[in-house]
Protein chains: 2
Amino acid sequence: MSVRKRDHLIAVAQRMFCETGFHAVSVDAIIDEAGVARMTLYKNFGSKEELIVETLRREDTMFRQWLVSAIEAHSSRSEDRILALFKAMHDRFATEGYCGCAFIRASIEYPAPNHVVHRAAREHKNMVRSYLRGLAAEVEGADPVALSEQLYLLFEGAITASQLHGDPWPAEYARQAAEKLLAAASLAPQPAAKRTKVHRAT
Amino acid sequence: MSVRKRDHLIAVAQRMFCETGFHAVSVDAIIDEAGVARMTLYKNFGSKEELIVETLRREDTMFRQWLVSAIEAHSSRSEDRILALFKAMHDRFATEGYCGCAFIRASIEYPAPNHVVHRAAREHKNMVRSYLRGLAAEVEGADPVALSEQLYLLFEGAITASQLHGDPWPAEYARQAAEKLLAAASLAPQPAAKRTKVHRAT
DNA sequence: AAACAGGTATACCGAGTAGTATATTTTTAA
DNA sequence: TTAAAAATATACTACTCGGTATACCTGTTT
C-alpha cells in the first residue's frame, strides 16, 4: 500500500528533521529509521528536498489543528482566546519530545529568501500572522495590525527563547506581555487618524 | 604573522557561517575564501568546531560593542535607552549584509543542549538578558524581572521574524510593544507582595 | 495464468566531507 | 647571517553524501 509507506516516511522524517536538523539528517538515516528501502523514498519523493517540503506541509496541517484546538475551545472573547494561545504554547513547550518550530529551523537552514524551503516557512508564518490579525480585529479599541504584529513577535520570541534555553518559561512571560498589550489597547483606543504608520508585510 | 592569519580566518568564517550556515559551509570553502592553506586552519584551530566557537566569541565581542554604542550614547533615562535599543535594531536589520543572529542559528544547528556550540549561544543570550535586567531595574515602578524578560522576548522575536520575512519591520513593532510595556509598568506599579511568580532562568 | 504495480536488495556513481602527513618554502627574530 | 617559527602545496585517508541503475520479489487485479 503505497500511501501508507509514503505517510510513514513523512512522519519519520518530520520527527528526525525537527530533532536534529535538515542538513544533519541524511537520507540513509531516514530510511534506516523508517525501515524502508532506499528506492521507496526516491520513488515517492524525487529528492530529499521534496521530502523536506512534504514534512513542512504535514507540520503546517498539524499546527493548524493545534492552533484551533488551543483557541476555539475557549471563551469567545478574543482577549481570552489570545491569552489561551500563550497558555497552550506553554503546554506545548513542556511536552516531551517538543523540539522547537520546524519553520524557524527551515528558514535558518535555508536562508536564501527564494529557496523553496525558506518560502514554505515564510508562508506558514504569514498564515499565523493573518490568524492573529483576525483575533486582534475583534479586540475593542485596538489597532488590529499593530496589535497582531506585536503579538506575533511575542509568539516568535517565545518559541525561539524556549528552544534556546530549553525551558517553557518564555511562554509564560509572553502571556504576561500579551495581557499588558491587550489592556493598553482597550484602555487607550487610538483615534483612526493618529494610527502609527503601517509597514508592508513580506 | 600568525595572529593576523588567525584573525582573518575567524572573520571570514564568521561571515560565511552567518550567510550560509555552519553545516552548509565546508572547511574547503573557508580556506578558499580566506586564501590560506588548509593546514593553516588546522594548526590555528584543531577542528571546524573550534573555529565555530571562535567565530561565536568574536560575534559576542562585536555584539557587546554594538549594544553599548546603541544604548549608552542616548539619554540616561532607562526608558529611552530601551527604546533606543529597538530603534538600533531596526537600523541593524536594514544594514546591507546583515544576515540574522549567529547565536540563534547556532542553537538551532546544534540543538543538543550540552553541545559546546549550543552552550555558547545560550551563554550569550543570558548575557543579553542580564543586560536588559539591569536596564529594567532602573525603570520606576516596574518588576525588573518580568519587564526584562518580556523585552527579551520582543528582542528575540524581532530578530527571528526579520530574518524569516527578510525585512526590518519587526523591529519597529517590537519598539511599539516595548513602549506599551514601559507605559504599563510606570502607570501601574505593582505592590511587591502581588508580583507574578518568577520562573527560573536557564 | 498473465500482466501490472509497488516494494526490496544490492551495488554503484561522482562528488564532497573533516582531518592528517610530509616535505618545502617563506617569514620572523636573535 | 642564521636558526626557529609559521605558512605553504600536495597528496592522502576513510568516510559520507544525494542520487541512480537494475534485477528481483510479492501481492493484486483482470
Side-chain angles (χ1 to χ4, degrees), chain A residues 1-57 102 105-106 108-112 115-118 120, chain B residues 1-57 102 105-106 108-112 115-118 120:
Chain A
M1 191 57 58
S2 169
V3 70
R4 266 175 50 196
K5 294 265 178 188
R6 185 184 153 90
D7 289 351
H8 182 229
L9 263 171
I10 296 175
V12 167
Q14 179 187 16
R15 180 173 46 77
M16 294 180 78
F17 285 145
C18 196
E19 279 173 359
T20 319
F22 297 105
H23 286 101
V25 171
S26 68
V27 171
D28 289 295
I30 294 170
I31 61 174
D32 268 22
E33 183 77 13
V36 302
R38 186 173 194 73
M39 285 310 295
T40 304
L41 188 152
Y42 279 101
K43 292 222 171 184
N44 281 279
F45 316 91
S47 65
K48 183 186 181 183
E49 193 173 280
E50 281 187 35
L51 176 58
I52 291 175
V53 171
E54 288 304 314
T55 65
L56 292 183
R57 206 186 307 276
R105 175 188 296 287
I108 284 181
E109 288 207 49
Y110 298 88
H115 191 287
V116 57
V117 174
H118 190 105
Chain B
M1 186 59 63
S2 167
V3 71
R4 267 175 49 197
K5 295 264 179 190
R6 185 186 153 89
D7 289 351
H8 182 229
L9 263 172
I10 296 175
V12 168
Q14 180 187 16
R15 180 174 46 77
M16 295 180 75
F17 285 146
C18 197
E19 279 173 0
T20 319
F22 296 106
H23 287 100
V25 171
S26 68
V27 170
D28 289 294
I30 295 170
I31 62 175
D32 269 21
E33 183 77 13
V36 303
R38 187 174 194 71
M39 285 308 297
T40 303
L41 188 151
Y42 280 101
K43 290 225 170 179
N44 280 280
F45 317 90
S47 66
K48 182 184 180 182
E49 192 173 283
E50 280 187 34
L51 176 59
I52 291 175
V53 171
E54 288 303 314
T55 65
L56 291 183
R57 207 187 305 276
R105 175 189 295 289
I108 285 180
E109 288 208 49
Y110 298 88
H115 191 288
V116 58
V117 174
H118 190 106

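Chain letters run A, B, ... following the sequence lines, proteins first, then strands; residues in each count from 1.
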Nearest 0.5 Å, please: how far is CG in Leu56(B) from CD1 in Ile10(B)?
11.0 Å
So, is Thr40(B) close to the dT8(D) phosphate, meaning a side-chain N or O under 4.0 Å from OP1 or OP2?
yes
Can you tell me if Lys43(A) touches the phosphate of dA5(C), counting only side-chain N or O atoms and a distance under 4.0 Å to OP1 or OP2?
no
Before you tell me yes or no, could you show the steps for Leu51(B) and Leu41(B) under side-chain contact (heavy atoms from CB on, under 4.5 Å), namely the whole-Å CA-CA distance, both residues' side-chain angles and the distance that decides it to 0.1 Å?
CA-CA 8 Å; Leu51(B) 176 59; Leu41(B) 188 151; 4.0 Å; yes
Among the candidates dA18(C), dA9(C), dA9(D), find the nucleotide nearest to the side-chain atoms of Val27(B).
dA18(C)
Separation of dT8(D) atom C1' from Leu41(B) atom CG, nearest Å, is 14 Å
Side-chain heavy atoms of His23(B) within contact of Tyr110(B), under 4.5 Å
yes
From the candidates dT8(C), dT8(D), dA18(C), the one with an atom nearest any side-chain atom of Lys5(B) is dT8(D)
Distance-only donor-acceptor test, Arg38(A) side-chain atoms vs dG18(D) base atoms, 3.5 Å
yes
Closest to the side chain of Lys48(B), out of dG19(C), dA9(D), dG7(C), is dG19(C)
Indicate whether OP1 or OP2 belonging to dG16(C) is found under 4.0 Å from a side-chain N or O atom of Ser26(B).
no
Can you identify which nucleotide, out of dA7(D), dC17(D), dT8(D), has its nearest atom closest to the Asp28(A) side chain?
dC17(D)
In terms of side-chain heavy atoms of Ser47(A), which of dG7(C), dA18(C), dG19(D) is nearest?
dG19(D)
Below 30° counts as parallel, above 60° as perpendicular, anything between as tilted: where do the rings of Phe22(A) and Phe17(A) land?
tilted
